[in-house]
**Student:** 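Below are the structure tokens for one structure; questions will follow.
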Amino acid sequence: MKFLNMNGGRLPTITLIGKDAAEHPHKNIRRVSEDHIFYLITKGEMFFCENGKEYRLQKGDCFFFEPGKLHFGTRDTCYNLLFIHFADAPAGFALPAEDADDTDRRIPLPKQLTLSEDAYNEVCFLTEQAIHSRKVQAACADTLCALRVLEAFVAVCRDYRSRGVRGRGRGASGMQRVGEVMAYLGENFRRRLTGEIIEKELSYNFDYLNQQFRQHMHMSIFRMLEKLRMDEAKILLQTTTDSVGKISDAVGYGDAAYFSRCFKEHTGDTPLEYRKKQIE
């Protein structure tokens, strides 16, 4: 199986996102896209060919099309789907991460996957949120959209790993462990997390896990956690009128004063100063 090695340290650039429905039998036209394209089938089925290989997708199946590869429909069918065209963040398709060089710092996503029911519902929800955020008349709409898309892709990654398709435990590669941590942080950064909680829920020694994470991501687990929280806080400050205390709770900080200090260290502004600058 091929994997899309996605850059976990950057938000993808979303060039197009939305829904498509073929209520009458239809097949996709022949095309070559410059972007990566993600499909999630929500109803019916689709038959197509990419780069000479034929595929069939049904409800619950997701698929990543490669840029520069010819793809086209091969049968007339009825279907509903969610689609995302994106660029920049991915490094491209490659061998599975366990066969990749240890210096690779990417999160692997399977080219094709049938999602579990819970993951399907989560990815649908996050993609719908991303679509909606594009319609918001605010300066950060694109950032919010990209963040929701990244969360959806993390959910795909987490679902793939949770079923043990590639194995876990002491034999897992460093990059696999980093992928698990990134997926976990993307899902849980709004919670109040400690090293003990992460160690228990991921079933790895935290110090060893943190060492592996630093090696691949060039920052600690808690530094990445802070980055995710600050990115979310910036969005909430721009798109809501919530108080600093409420935003602090929403992104996993129990103490608003401590959150404000962290935010200023991260951005150079207090939360209220940052909000004021976005309005001006």
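FYI, side chains are in, hydrogens and waters are out, and symmetry mates aren't considered; it's all heavy atoms of this structure.
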**Student:** Measure the spacing between CD1 of I37 and OG1 of T15 and express it to the nearest 0.5 Å.
**Tutor:**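 It comes to 8.0 Å.
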**Student:** Between the side chains of R223 and E226, is the shortest nitrogen-to-carboxylate-oxygen separation below 4.0 Å, so that they form an ion pair?
**Tutor:**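 A salt bridge links E226 with R223.
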**Student:** If I take atom CG from residue L81 and atom NZ from residue K59, how far apart are they, to the nearest 0.5 angstrom?
**Tutor:**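 L81 atom CG to K59 atom NZ measures 13.5 Å (nearest 0.5 Å).
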**Student:** H36 vs E66, test: side-chain contact (heavy atoms from CB on, under 4.5 Å). Steps then yes/no.
**Tutor:** CA-CA 5 Å; H36 294 265; E66 301 180 46; 5.7 Å; no
**Student:** In terms of heavy-atom contacts, does CZ of R190 have more than 12 from other residues, nucleotides or ligands at under 6.0 Å?
**Tutor:**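 Result for CZ/R190: enclosed.
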**Student:** Do Y253 and F263 have their ring centres less than 6.0 Å from each other?
**Tutor:**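 Ring-ring flag for Y253/F263: false, centres at least 6.0 Å apart.
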**Student:** Aromatic contact between Y39 and Y55, with the criterion being ring centroids under 6.0 Å apart: yes or no?
**Tutor:**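 Not close enough - the centres of the two rings lie 6.0 Å or further apart.
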**Student:** S248 side chain to V244 main-chain N or O, any donor-acceptor pair under 3.5 Å?
**Tutor:**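 No; zero donor-acceptor contacts below 3.5 Å.
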**Student:** Using the test side-chain hydrogen bond (donor to acceptor under 3.5 Å, both in side chains), find all partners of H85 that sit at least two apart in sequence or belong to another chain.
**Tutor:**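 H85 satisfies side-chain hydrogen bond (donor to acceptor under 3.5 Å, both in side chains) with no other residue.
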**Student:** Whether K43 and E23 form a salt bridge (side-chain N of Lys/Arg under 4.0 Å from carboxylate O of Asp/Glu) is what I want to check.
**Tutor:**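 So E23 does not pair with K43 through a salt bridge.
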**Student:** Please verify the inter-ring angle class for F64 with F38; under 30° counts as parallel, over 60° as perpendicular, anything in between as tilted.
**Tutor:**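 The arrangement is tilted - the two ring planes meet at 30° to 60°.
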**Student:** Ion pair present between K19 and E128, side-chain N to carboxylate O less than 4.0 angstrom?
**Tutor:**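 Salt bridge present between K19 and E128.
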**Student:** Kindly work out whether a path of hydrophobic side-chain contacts (I/L/V/M/F/W/Y, heavy atoms less than 4.5 Å apart) joins M230 to L144.
**Tutor:**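 No, it is not one cluster - the side chains of M230 and L144 are not joined through contacts under 4.5 Å.
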**Student:** Look at the side chain of Q215 and the backbone N and O of Q212, then say whether any donor-acceptor pair between them is shorter than 3.5 Å.
**Tutor:**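 A pair under 3.5 Å: no.
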**Student:** Between R275 (side chain only) and L237 (backbone N and O only), is there a donor and an acceptor less than 3.5 Å apart?
**Tutor:**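 Checked: pair present.
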**Student:** Check the pair L16 / F83 against side-chain contact (heavy atoms from CB on, under 4.5 Å), numbers first and verdict last.
**Tutor:** CA-CA 8 Å; L16 190 65; F83 64 85; 3.7 Å; yes
**Student:** Quick one: does any side-chain atom of S33 pair with a main-chain N or O of P67 as donor and acceptor, under 3.5 Å?
**Tutor:**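 Pair absent, no side-chain N/O of S33 close to backbone of P67.
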**Student:** Do any N or O atoms from the side chain of D159 and from the backbone of S116 form a donor-acceptor pair under 3.5 angstrom?
**Tutor:**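 Present.
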**Student:** Taking the six-membered ring for Trp, are F72 and F48 closer than 6.0 Å centroid to centroid?
**Tutor:**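 Between F48 and F72, which both carry aromatic rings, the centre distance is not below 6.0 Å.
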**Student:** Can we say E122 and R158 salt-bridge, meaning some charged N sits less than 4.0 Å from an Asp/Glu carboxylate O?
**Tutor:**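 Yes, charged N to carboxylate O under 4.0 Å.
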**Student:** Check whether the ring centres of F65 and F63 lie less than 6.0 Å apart, and answer yes or no.
**Tutor:**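 They qualify: ring centres under 6.0 Å apart.
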**Student:** Could you tell me if Y184 and E201 have a donor-acceptor pair between their side chains, going purely by distance under 3.5 Å?
**Tutor:**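 Their side chains do contain a donor-acceptor pair, which is all the 3.5 Å distance test asks for.
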**Student:** Is there a side-chain contact between L82 and D20 in this structure, where contact means two heavy atoms from C-beta onward sitting under 4.5 Å apart?
**Tutor:**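 Side-chain contact under 4.5 Å: no.
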**Student:** Checking R229 side chain against F189 main chain: does a donor-acceptor pair fall under 3.5 Å?
**Tutor:**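 Answer holds: yes.
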**Student:** Take D61 and T114, measure what side chain to side chain donor-acceptor pair (under 3.5 Å) needs, and give me the verdict at the end.
**Tutor:** CA-CA 4 Å; D61 290 345; T114 299; 2.6 Å; yes
**Student:** Under a 3.5 Å cutoff, is there a donor and acceptor pairing between the side chains of Q58 and Y79?
**Tutor:**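 On atom types as modelled, these side chains do not qualify, holding no pair under 3.5 Å.
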**Student:** Just how far is it from atom CG of L202 to atom CD1 of I221, taken to the nearest 0.5 Å?
**Tutor:**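 The distance works out to 8.0 Å.
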**Student:** Tell me if the aromatic rings of Y208 and F213 count as close, with their centers under 6.0 Å from one another.
**Tutor:**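 Judged by ring-centre distance (under 6.0 Å), Y208 and F213 do not meet the cut-off.
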**Student:** Atom CG of L228 and atom CG of L147: how far apart are they, to the nearest 0.5 Å?
**Tutor:**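 One gets 8.0 Å once the value is rounded to the nearest 0.5 Å.
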**Student:** Taking the side chain as every heavy atom from C-beta outward, state whether I84 and F153 have any pair of such atoms under 4.5 Å apart.
**Tutor:**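 Side chain of I84 against side chain of F153, heavy atoms only: contact under 4.5 Å found.
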**Student:** Can you tell me how far CG of L11 sits from CG of D231, rounded to the nearest 0.5 angstrom?
**Tutor:**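 The distance works out to 6.5 Å.
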**Student:** For a quick test of reading the model, state the closest non-hydrogen atom pair linking A152 to T127 and the distance between them.
**Tutor:**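 For A152 and T127, the tightest heavy-atom pair comes out as CB-OG1, 4.1 Å.
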**Student:** Quick one, F259 and V251 - any side-chain contact, counting heavy atoms below 4.5 Å?
**Tutor:**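 Yes, side chains in contact.
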**Student:** Looking at A256 and G245, what are the two nearest heavy atoms and their distance?
**Tutor:**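 In terms of heavy atoms, the two residues are closest at CB-CA, 3.9 Å.
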**Student:** Taking only residues at least two apart or on different chains, which pairs with a member in residues 258-269 satisfy side-chain hydrogen bond (donor to acceptor under 3.5 Å, both in side chains)?
**Tutor:**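 Applying side-chain hydrogen bond (donor to acceptor under 3.5 Å, both in side chains) to every pair that reaches into residues 258-269, excluding sequence neighbours, yields D269-K277.
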**Student:** Quick one: NZ on K227 to CG on L225, what's the gap to the nearest 0.5 Å?
**Tutor:**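 One gets 12.0 Å once the value is rounded to the nearest 0.5 Å.
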**Student:** Provide the full list of side-chain hydrogen bond (donor to acceptor under 3.5 Å, both in side chains) pairs with a residue in residues 69-78, sequence neighbours left out, each pair given once.
**Tutor:**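 Every pair satisfying side-chain hydrogen bond (donor to acceptor under 3.5 Å, both in side chains) with a residue in residues 69-78: R31-H71.
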